[in-house]
Every structure is written in structure tokens, then in C-alpha cells.
Asks: 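Have a look at this one.
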Amino acid sequence: MTELYPSPSPSTGLSRRSTLLAGGGSALLLGLGLTGCRSAVSESSSAPQETDGKPKRGGILNLAINADFVPGLLFAQSGQSLQQRLIYNTLTRYDDDLTPKPELATSWTYAKDGRSITLKLRDDVTFHDGRPFTADDVIFAVKNLQNPVRAAQLRSTAATVNGFEKRGDHELVLKLAHPVNNLFDLFEFMIITDEKTVEDAVTGKKLIGTGPFRLKKWSPGSGLSLTRNDTYWLPDRPYLDGVELRVIPQADALISSLRSGQSQLSFHVPGKSLGVVKSEPKLKITDYDTGAGAIYLGVNTTVAPLNDKTVRQALAWAIDRDRLLAQTLGGYGLASAAPWPRSSPAFSEAHRTHYTHNPGKARELLRSAGHSKLELPLLHIALPGETAIAESIQYDLKQIGVHTTLEPTDGATAQKKLISQQMPALWSMGHGFAQVQPSTLAVSAYPFNEAKNTSKYRSAAYTEVVQEAWTKPETTAAEANALHEKISGILLDEAFIIDLVVRGQVQVNADRLHGVALNKFSYLNLDDAYLV
């Protein structure tokens, strides 16, 4: 058995990778440069900054969001997940080097064969209703994600847990059907919720967790009202008295709310509008180096002629990614034909530029497939920024003879269609999961899932390489990178998901707000946040 936490001290010179290799290799989360870290490119506000000697207590933080909380997608990893870490906790959290750190789990020990992990849990945690947190709650959390009704995108990883051994109320052994290298992705993703009220949680009636804030009220269409959890396990936290997540779908109104001081924080200012924000001396912009997922064009491979990969490749060559980035995102992001951010071990410049804007080549490929003109629907989320993206795609496709009819759809409906594989011929949305262990994308994200994806694409070769990358113990970075190369090669060649831009993760906050942090899945952490 090898203890994985506490981590080696900096003086040992051991990297996180070498620490995990010591655990038998099967626990490997490859790449210290993985883009799961939430470091800020500009000013970082991830740690409390003292004012008059210490952080200030009190105040209500108003957070402007562009879409409402959807309780039915609580466990699915939807596009609106900011509230997760405010109400709930997770077992672990990554630091900026992707080293897992304690949250509700205080330490862990991996078996040498990678077939089990022993977790020691905090013994001083209570749920919002006063009930003590125990190992039974972790067991339920895992089984809850294994339930297909929850539509959890990390269900495949949760499903590898096929046994539990309790050693008292605060020690638990998770037994695995086979080794996986993204178990800590699961631990950071998996919110710990109350079993007795979980059905009320997915309808929005009750959200009972162990987190720093309690649900005061959910007003559908308006947002969430949260109040301080006075019995939070972290001493003297949170500093804030409460948080208001206010739905402001229109970009102009959202920006006005920030500029007037009615809101103090938002992650939903469109990139092309950030120039206006920059001129405000009391607002700060933080550009996180992990990005906020990727914008992509989805393709239903069962709709003719999109069942021909030559046609799909033509679409990939048609899109002007650089113009899309500049005009719709204000330059915040990375034009890329592959899903990976720069800091992912799967990233390569060759993959990023595999498809560039080449309408002549796109038309040539269409002609070679026997087509000169196509009429196709294009679903998109009915928000101003997403509509602008869809219109940009529509314009580029029209230049090669592919005429699209836009189908604006509300976010909740679009997500349900994504999950249930009911998308039309084309759709434009965003995806995550490229910011953590690369295998997680291909075994978890709905658009890419090798077993069941929204494009209805299946390939024995794709399944084989994804399963190998997910379960095979890797002893060298070269071996891991070879598998990532194969996955990327299939994604680019088959083009059932056409990646366009890695979107920038941009935070806008009032200069009197300090201590804001995000985890790898864009869960907002306000444990240390305060207003001055």
C-alpha cells in the first residue's frame, strides 16, 4: 500500500506523476501541466487578501449568471454548475499542479494493483439539517452517480466501483472492477448530497449538503438565494453572510449590473463585451489559464449525407475559427480543431491546426462525395452569445453550399436532447472534460463517449484505444502520449465532433471582492471570499 497524501515536500523533488507511479501506476493522472488547474493569467483572486489585517466578515455577494439552475441536471455536469460547491462539498480538490488535496477525505491509500483505494474521512462534518457525515454518504454518492437516471457524465468511472468496505463511520475502502486513471476526477466532480432528500434535490425543493451555504430559496427563472451555514466544518468560514445567484440572460443588462455595483461577480460576460468592462476602474478581469470548455459543431452521423466522413471533414475545413474567436469571443480563447487546451498532455500544435479555414478544400470534398448543396438544421442555445456563434457557423457553411436553418433552443431542453441523443443533423454547443485526465473526455463527455455519444458514432478502434488509455497502467509519459495521439487522430479524422475554439474562462468582479476560486468543473468556491 502506498500513501498518496500528504504529498512529498517540494524539497524531495518528486512530482505528482512520480508520486502516483509509486502507487502501482494504475492511479496515474497523467501530466503535471494538465489544464485542470485554475490559475489566473491576470490577477489571481484565489486566496483571501487581508484588508486592515484580516478578511472582512459579512455582506451578501450578488453573482450574475446568464441561465437558471436546472435541478434535474444536478448530477449531470451541465453548463451552469457554479452553485455546486456553494451548497455541497466533494471528497478532494486539485491544486494548480493537479495534485489532489483533502476536502471531505483527509487522506487516501491506493492498493499497489490499483484495484482499491482506502479513504479516511473527516469526522467533524454535518449536513445542513444537522445529521453527521459518514462513510454511508460516500457510498450513496457513488451509487447515485451509477444510477442512469442521474445522467452523470462520469458515470463510467463511478461504475468501476463494485464494492465497499466500511471500517467504522469515517474510513471506507472503494473496490474497483479494474484500474482507472481518472478516479480523482470523479472525487472532484462528485458532490456529496443527502440521501433522504435527493429526490427533492432534483426537483429543486431541497438542496441539503455539507457546504458553506444553505439554500434559502430557489425562484425558477430568477435564481438561487443562499445563506451562510453557521455550522460549516471549516473554522470561521464562510466570511460572507449569503450569496444571490441572479439570472440576467441579456448581456447588456448583465454588464450594466456589474458596472452599477448591483452585482459583484460574473463568469458570463461575453468576450466581445469585455472591452467595455476594461474601462471600469472598479471592475477586475481574471482570465483563467484552463479555459471554460470548448465550442464545437456536433454532427449526427446517422443523418445522410453526414454518415460520410468526407462530408463531415468538409464542414471542419469550412469554419473560420480565427474569425469566430475574434468576433464572437473578443479574442479570449484558443482557435483549435482539437478539444485540448494548451496545458493538456494531449495538446499538440499539429492537432490544433489540423483543420484551418479552407472553403476551397471544403467544396472540393463535398463534390467528391457527390454533393454541391445541402440543407440542414442547426440547433443552438437561445442565448445572445451562443446565437452569435451559431450565426458565424451558419455563414461559413453557406460559403461552401451548406445552408442551415437555425433552431434556437433553451439550455435545459438542449442539454436533455444531448443526453438522450435526440439532436438534429447539426448542433453547436460547448463541452468540458478536456481540462482533466484526457481519458475522462472520451469515457464521460456526452459528445465524445466511446460507448454512447450524441453523434451516434461507434467504432471498434475508437473504443479500443479509449479503454486502453483509461485503464492501462502507464509507466512513461511517452506511452501515455502515444494513446492520446491515437484518440486525437480518430477524433480529427472521423470529425463526428468538430471542435472550433477553446473558450476563455473569464471572471469579472468588483475590486472590493477577494478570495474567489473555481475547481476543475467550474464549481465556485467562496470559502475564503469576502467583500470590503
Side-chain angles (χ1 to χ4, degrees), residues 38-68 80 82-83 85-86 212-213 222-228 237-292 326 328-333 383-385 388 503-519 522-532:
R38 311 304 295 173
S39 296
V41 173
S42 56
E43 186 206 38
S44 173
S45 54
S46 61
Q49 303 170 21
E50 294 187 354
T51 304
D52 297 332
K54 61 181 180 180
K56 300 295 184 181
R57 185 172 298 283
I60 304 294
L61 172 64
N62 288 285
L63 170 64
I65 56 179
N66 64 0
D68 196 12
Q80 214 297 73
L82 290 172
Q83 72 284 328
R85 182 49 178 72
L86 301 180
F213 297 94
S222 297
L224 293 163
S225 179
L226 309 179
T227 188
R228 185 179 192 272
R237 303 294 196 280
Y239 297 116
L240 296 168
D241 289 334
V243 182
E244 298 286 335
L245 290 85
R246 302 169 56 224
V247 179
I248 309 177
Q250 297 300 321
D252 289 345
L254 189 151
I255 294 169
S256 177
S257 177
L258 288 165
R259 297 177 72 182
S260 67
Q262 293 178 327
S263 300
Q264 296 85 42
L265 177 65
S266 183
F267 296 90
H268 295 138
V269 176
K272 63 181 181 179
S273 301
L274 286 168
V276 176
V277 175
K278 286 181 180 179
S279 64
E280 290 291 335
K282 292 186 178 181
L283 293 178
K284 294 185 178 180
I285 297 175
T286 302
D287 186 4
Y288 288 88
D289 64 6
T290 55
T328 67
L329 301 179
Y332 283 87
L383 288 171
R503 191 193 296 260
Q505 176 75 293
V506 182
Q507 168 185 312
V508 178
N509 65 274
D511 62 358
R512 67 190 192 95
L513 172 64
H514 304 274
V516 175
L518 292 174
N519 86 345
S522 293
Y523 297 175
L524 180 60
N525 186 332
L526 296 178
D527 284 2
D528 296 326
Y530 64 96
L531 292 162
V532 296

Asks: Report yes if some heavy atom in the side chain of L518 is under 4.5 Å from a heavy atom in the side chain of R85; otherwise report no.
Replies: no
Asks: Any chance you could measure L245, atom CG, to S263, atom OG, to the nearest 0.5 Å?
Replies: 10.0 Å
Asks: Out of the candidates H514, K54, R57, K56, only one should pair with Y239 under the side chain to side chain contact (heavy atoms under 4.5 Å, CB included) rule; please name it.
Replies: R57
Asks: S266 side chain to A64 main-chain N or O, any donor-acceptor pair under 3.5 Å?
Replies: yes
Asks: Distance-only, no hydrogens or angles: does the D241 side chain make a donor-acceptor pair with backbone N or O of G59 under 3.5 Å?
Replies: yes
Asks: Contact between H268 and L82 at the side-chain level, heavy atoms closer than 4.5 Å - yes or no?
Replies: yes
Asks: Work out which heavy atom in P212 is nearest to a heavy atom in D527; give both atom names and the distance.
Replies: CG-OD1, 3.4 Å
Asks: Among V516, L513, L226, which residue meets the side chain to side chain contact (heavy atoms under 4.5 Å, CB included) test with L61?
Replies: L513
Asks: Nearest heavy-atom pair of S260 and S257: which atoms, and what distance?
Replies: OG-O, 3.2 Å
Asks: Can you find a heavy atom in the side chain of R259 that is under 4.5 Å from one in the side chain of V276?
Replies: yes
Asks: Is any side-chain heavy atom of L265 less than 4.5 Å from a side-chain heavy atom of L524?
Replies: yes
Asks: Would you say R228's side chain and P238's backbone share a donor-acceptor pair under 3.5 angstrom?
Replies: yes
Asks: Quick check against the 3.5 Å criterion: does Q264 have a side-chain atom that pairs as donor or acceptor with the backbone of N62?
Replies: yes
Asks: Using distance alone, with no hydrogens and no angle criterion, decide if D252 and Q250 have a side-chain donor and acceptor under 3.5 Å apart.
Replies: no
Asks: Roughly how far apart are I248 CD1 and S256 OG, rounded to 0.5 Å?
Replies: 8.5 Å
Asks: Checking S273 side chain against V269 main chain: does a donor-acceptor pair fall under 3.5 Å?
Replies: no
Asks: Please report the interatomic distance CD(Q83) to CD1(I65), rounded to the nearest 0.5 Å.
Replies: 7.0 Å
Asks: Using a 4.5 Å cut-off on heavy atoms from C-beta on, say whether the side chain of V508 contacts that of L274.
Replies: yes
